[in-house]
Number of protein chains: 2
Amino acid sequence: MTVAKDISGGVALWRRIADAIRLDIVGGKLASGDRLPTEAALAERFSANRHTVRRALAVLADEGVVGAEQGRGTFVRSARRLSYRIGKRTRFSEGLAGQARVTSGQLLSSRIENASAAAATALGIRTGAKVVRMETLSLADGRPLSRATAWLDYRSFADFAGRYTALGSFTAVFASYGIGDYSRASTRISARHADVEETKLLGLTPGAILLVSEAVDIDVAGQPISYALSRFPAERMELVV
Amino acid sequence: MTVAKDISGGVALWRRIADAIRLDIVGGKLASGDRLPTEAALAERFSANRHTVRRALAVLADEGVVGAEQGRGTFVRSARRLSYRIGKRTRFSEGLAGQARVTSGQLLSSRIENASAAAATALGIRTGAKVVRMETLSLADGRPLSRATAWLDYRSFADFAGRYTALGSFTAVFASYGIGDYSRASTRISARHADVEETKLLGLTPGAILLVSEAVDIDVAGQPISYALSRFPAERMELVV
DNA sequence: TCTATTTGTCTAATGAAATAGACAACTATT
DNA sequence: AATAGTTGTCTATTTCATTAGACAAATAGA
């Protein structure tokens with residue numbers, strides 16, 4: 001991939017270079033263990049100074065994506081991007097089947113609030129009605145993979161948060177409420193930069209790109225049961241429809 | 001949305017502020033005609049200097065998203081983000097039904113090349129086999145909405161480019177080859193920054209975020225017919241599954 | 001061992017990003 | 001007409017991004 005030089009557009013050159021190299025790695029163009037081109041070669045390729053390239057490499061080294069060895073070169077350390085499967089039957093842990101050994105969900109906080117217009121429309125209730133709001137972080141093999149906010153109708157799921165803390169998965173909590181099966185009604189996908197809190201919780205470098213999924217799950221009767229806004233680091237995940 | 005201050009992460013503050021405000025607008029929090037908070041208020045909200053906010057607003061004004069009026073305030077000019085529907089039967093023009101009046105596709109270039117490993121796997125042919133590569137740009141109401149690269153098996157679609165120039169749509173060209181119906185086998189979605197060429201063709205400001213969709217279409221017999229890599233500006237589009 | 005190649009470190013200079021403060025120009029309201 | 005609130009413009013200063021050059025330190029191969 002090539003990168004702009006003269007025009008910055010508010011994104012620093014070292015950052016664009018780091019993004020371009022990371023893309024080659026997570027996209028599979030460079031495999032684990034491969035040696036990157038030399039700093040001089042990269043500087044030429046991106047029409048940048050060697051110091052600027054070094055800064056980009058330092059960021060990637062910090063992320064654990066590459067590692068430099070004096071006298072030898074810089075080598076690819078990390079693996080490919082994970083794929084998250086989206087379909088009628090979307091479950092977080094199952095979506096990553098076979099790609100990560102351990103997945104876990106963790107409740108950051110929860111509270112009762114009045115439904116925003118968006119949440120109310122999605123859940124089929126009136127704006128301002130009481131809803132449970134859950135802030136969660138999901139991990140795979142110990143690495144944070146998504147930061148999600150979910151809203152549920154308070155009348156049906158008053159103690160959702162308590163049960164989630166005990167059970168650790170949405171699917172399990174729904175089951176405890178007698179909802180043995182549920183499915184995905186709609187998913188809207190967009191992308192934006194991460195904000196401070198997301199950067200911190202997901203262990204990203206500031207300015208990282210997030211894939212944002214806005215999903216509504218329904219029970220077998222077609223009744224909306226949850227409205228969730230999930231944020232995935234684009235550099236570590238891709239969504240598969 | 002909040003925004004980082006102290007830590008830049010290689011993305012300039014004015015750019016992050018512009019992105020945050022644009023997100024509020026295309027996300028529907030601010031409607032067309034609404035007055036934005038005053039520059040002073042925005043400066044406080046983002047913990048930034050008023051001049052930095054002014055630079056962000058200048059960018060948005062340049063994009064036509066907002067307009068400032070001396071003595072009165074700054075107002076929202078543009079509309080919401082378009083939704084692009086993805087499913088079993090995905091057609092570019094139909095995906096935008098009801099949201100844009102005129103959609104058109106334009107061939108930038110095409111050539112015969114040897115299939116990359118990714119393209120070969122997707123199309124079910126051997127690596128290095130001859131494929132037709134199409135570079136296209138799609139517009140809705142005159143505004144560029146996607147930049148796509150598509151690969152097709154040369155043995156079946158040798159003259160795809162010629163027919164596309166004449167017919168202006170993939171669906172029409174497939175029909176001319178006797179493929180009356182086809183469907184989407186898989187879609188992978190990721191996100192990254194736009195490169196120079198994409199920035200220019202899509203009319204974006206440098207550093208803009210793209211949603212990248214990697215799709216395989218198959219005919220009724222299940223035979224892969226095309227492999228396409230489409231890039232959508234995240235600030236103008238969202239994908240709906 | 002010698003040499004070419006590669007990453008690591010230091011100093012310096014230039015331009016862009018961000019902050020700060022002051023005041024002009026315009027609008028709407030009283 | 002006066003006033004408060006808002007955007008527009010100017011000057012100045014500090015911090016960060018980028019370029020430039022030189023040389024040290026480690027590695028691999030002849």
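Atoms considered below: every heavy atom in the structure, side chains included; atoms not considered: hydrogens, waters and symmetry mates.
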Take atom CD of B:Gln70 and atom P of D:dT9, then tell me their distance rounded to the nearest Å. 7 Å
Assess whether a salt bridge exists between A:Glu198 and A:Arg147, defined as any Lys/Arg side-chain N lying under 4.0 Å from an Asp/Glu carboxylate O. no
Within the pair B:Arg55 and C:dA17, is there a side-chain N or O less than 4.0 Å away from OP1 or OP2? yes
Is any side-chain N or O of A:Thr74 closer than 4.0 Å to OP1 or OP2 of C:dT7? yes
Under 4.0 Å between a side-chain N or O of A:Arg35 and OP1 or OP2 of C:dT6? yes
For atom CD of A:Gln106, decide whether the heavy atoms of other residues, nucleotides or ligands shown that lie under 6.0 angstrom number more than 12. yes
Paired with C:dC23: which nucleotide, if any, by Watson-Crick or G-U wobble criteria at under 3.5 Å for both distances? D:dG8
Rounded to whole angstrom units, what separation is found between the CZ atom of B:Phe75 and the P atom of C:dT27? 12 Å
Considering only NZ, NE, NH1 and NH2 on the basic side and carboxylate oxygens on the acidic side, decide whether A:Glu63 and A:Arg22 come within less than 4.0 Å. yes
Distance in angstrom units between A:Leu36 CG and C:dT7 P, rounded: 9 Å
Using whole Å, what does the distance between atom C1' of nucleotide C:dT19 and atom CG of B:Leu42 come to? 17 Å
Quick check: on DNA chain D, is the nucleotide nearest A:Gly71 upstream (toward 5') of the one nearest B:Arg72, or the reverse? Name the residue that is more 5'. B:Arg72
Roughly, in whole Å, what's the span from CG in B:Leu13 to P in D:dA17? 12 Å
Under 3.5 Å, is there a donor-acceptor pair between the B:Ser83 and A:Arg188 side chains? yes
Round to a whole Å and report the spacing from CD of B:Glu39 to C1' of C:dT19. 15 Å
Take atom CH2 of A:Trp14 and atom P of C:dA16, then tell me their distance rounded to the nearest Å. 19 Å
Donor-acceptor pair between B:Thr149 and B:Arg231 side chains, under 3.5 angstrom: yes
Rounded to whole angstrom units, what separation is found between the CZ atom of B:Arg16 and the P atom of D:dC16? 13 Å
Ignoring hydrogens and geometry beyond distance, is the side chain of A:Arg50 in donor-acceptor contact with the base of D:dG21 at under 3.5 Å? no
Contact under 4.0 Å: B:Thr52 side-chain N or O vs C:dA17 OP1/OP2: no
Report yes or no: is there a donor-acceptor pair, N or O only, under 3.5 Å between the side chain of B:His51 and the base of D:dG8? no
Residue-phosphate contact under 4.0 Å: A:Arg54 side-chain N/O, C:dT7 OP1/OP2: no
Residue whose closest nucleotide on DNA chain D lies nearer the 5' end, A:Asn49 versus B:Gly73: B:Gly73
